[in-house]
Amino acid sequence: MPVLLYKLRGVPDDEAEEMRILLEENSIDFYETNEGNWGISMPAFWLKDKSQLALSKNIINEYQKERQQKSRQEYDHLKKNNQLDSFFDSVRANPVRFIVTILIIAVVLYISIAPFVSISK
């Protein structure tokens, strides 16, 4: 009977691809399910052989630790060299998107609050 190895919901494509390669390199017999047409199924890696579960989990845990360390090193490098994008950098890069977002928020707030606030003169 198949055994759930790793849920893929919210996992970036590059990470899922690296995990596929890693499992194949270690001769782990697995298959993958996707989220389906409506996105309600569970995307995941499943093992065909339960006896490979401990080995597979160790491989994935080691990979996750390495990926976390790489990401942290990249972040620290960008932070040290002042290359991280700030909020104001993202606004400057796309001011139209920022203005449209603020307007949408204002409209939603107005529609939400208007029935409860009456302006009487």
Side-chain angles (χ1 to χ4, degrees):
M1 180 157 184
V3 178
L4 176 63
L5 175 61
Y6 192 82
K7 295 179 185 179
L8 294 173
R9 190 169 309 278
V11 174
D13 292 336
D14 66 319
E15 183 177 355
E17 183 60 31
E18 289 173 0
M19 289 174 66
R20 279 184 208 100
I21 292 168
L22 191 62
L23 291 171
E24 289 171 358
E25 286 176 350
N26 287 285
S27 301
I28 304 295
D29 194 17
F30 74 99
Y31 66 94
E32 182 178 350
T33 55
N34 60 24
E35 59 187 17
N37 293 336
W38 296 319
I40 58 175
S41 297
M42 183 172 53
F45 290 136
W46 298 82
L47 291 179
K48 295 179 182 178
D49 183 10
K50 189 176 182 175
S51 66
Q52 294 181 321
L53 183 61
L55 173 63
S56 302
K57 287 207 178 255
N58 286 338
I59 291 169
I60 288 177
N61 287 339
E62 285 300 315
Y63 166 75
Q64 292 291 328
K65 287 177 187 174
E66 290 173 14
R67 185 172 172 95
Q68 179 186 18
Q69 288 173 350
K70 286 180 197 174
S71 296
R72 188 60 178 176
Q73 288 172 351
E74 288 175 19
Y75 174 79
D76 290 341
H77 176 73
L78 291 173
K79 187 175 180 180
K80 184 176 126 183
N81 295 327
N82 291 327
Q83 295 176 337
L84 288 177
D85 287 340
S86 69
F87 171 74
F88 296 109
D89 292 334
S90 64
V91 170
R92 267 187 250 125
N94 199 342
V96 174
R97 184 178 76 185
F98 176 73
I99 292 169
V100 168
T101 302
I102 295 298
L103 289 174
I104 290 172
I105 291 170
V107 168
V108 169
L109 281 173
Y110 174 76
I111 291 170
S112 300
I113 296 173
F116 303 105
V117 177
S118 62
I119 301 175
S120 57
K121 292 182 182 183

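Not measured: the values here are computed from a predicted model. Sequential numbering from 1 along the given sequence is applied to the chain's residues.
Side-chain atoms of S56 do not come within 3.5 Å of backbone N or O of L23 as any donor-acceptor pair. A donor-acceptor pair is defined here as one N or O able to donate and one able to accept, closer than 3.5 Å; no such pair exists between the side chain of N26 and the backbone of I28. Judged purely by atom type and a 3.5 angstrom limit, R9 uses its side chain to pair as donor or acceptor with the backbone of S41. Listed for the S71 side chain is no donor-acceptor partner under 3.5 Å among the backbone atoms of Q68.
Atom CD of Q64 is separated from atom CD of E62 by 11.0 Å, given to the nearest 0.5 angstrom. Of the inter-residue distances, the one linking K80 atom NZ with D76 atom CG reads 9.5 Å to the nearest 0.5 angstrom. Taken to the nearest 0.5 Å, the OH atom of Y6 stands 13.5 Å off from the CZ atom of F30. Remark: M42 CE to L4 CG distance equals 5.0 Å, nearest 0.5 Å. Note: S112 OG to I105 CD1 = 11.5 Å, rounded to the nearest 0.5 Å. From E24, atom CD reaches atom CZ of R20 across 8.5 Å, with rounding to the nearest 0.5 Å.
The ring pair (Phe, Tyr, Trp, His ring centres under 6.0 Å) test applied to Y110 returns no partner, not counting sequence neighbours.
V96 is connected to I104 through a chain of hydrophobic side-chain contacts under 4.5 Å among Ile, Leu, Val, Met, Phe, Trp and Tyr, so both are in one cluster. Residue L53 is not grouped with residue W46 when hydrophobic side chains (ILVMFWY) are merged at heavy-atom distances under 4.5 angstrom, including chains of intermediate members. Under the 4.5 Å side-chain contact rule for hydrophobic residues, L103 and I111 do not share a cluster. Hydrophobic clustering, with ILVMFWY side chains joined whenever heavy atoms are under 4.5 angstrom apart, groups V3 together with L55.
No more than 12 heavy atoms of other residues, nucleotides or ligands shown are found within 6.0 angstrom of CG on D13. Atom CG of N81 sits in a crowded spot, with more than 12 heavy atoms from other residues, nucleotides or ligands closer than 6.0 Å.
Within the 4.5 Å cutoff, the side chain of Y31 has heavy atoms near those of the P2 side chain.
Annotation: salt bridge (charged side-chain N to carboxylate O under 4.0 Å, His left out) contacts involving residues 92-115, sequence neighbours excluded, comprise D89-R92.
Summarising the hydrophobic clusters (Ile, Leu, Val, Met, Phe, Trp, Tyr; side-chain heavy atoms under 4.5 Å, direct or chained), the residues clustered with M1 are none.
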Exercise for the section: Quick one: do I59 and Q52 satisfy side chain to side chain contact (heavy atoms under 4.5 Å, CB included)? Show the steps, please. Expected result: CA-CA 11 Å; I59 291 169; Q52 294 181 321; over 6 Å; no
Exercise for the section: Applying side chain to side chain contact (heavy atoms under 4.5 Å, CB included), run through D14 and E17 and close with a yes or a no. Expected result: CA-CA 5 Å; D14 66 319; E17 183 60 31; 5.7 Å; no
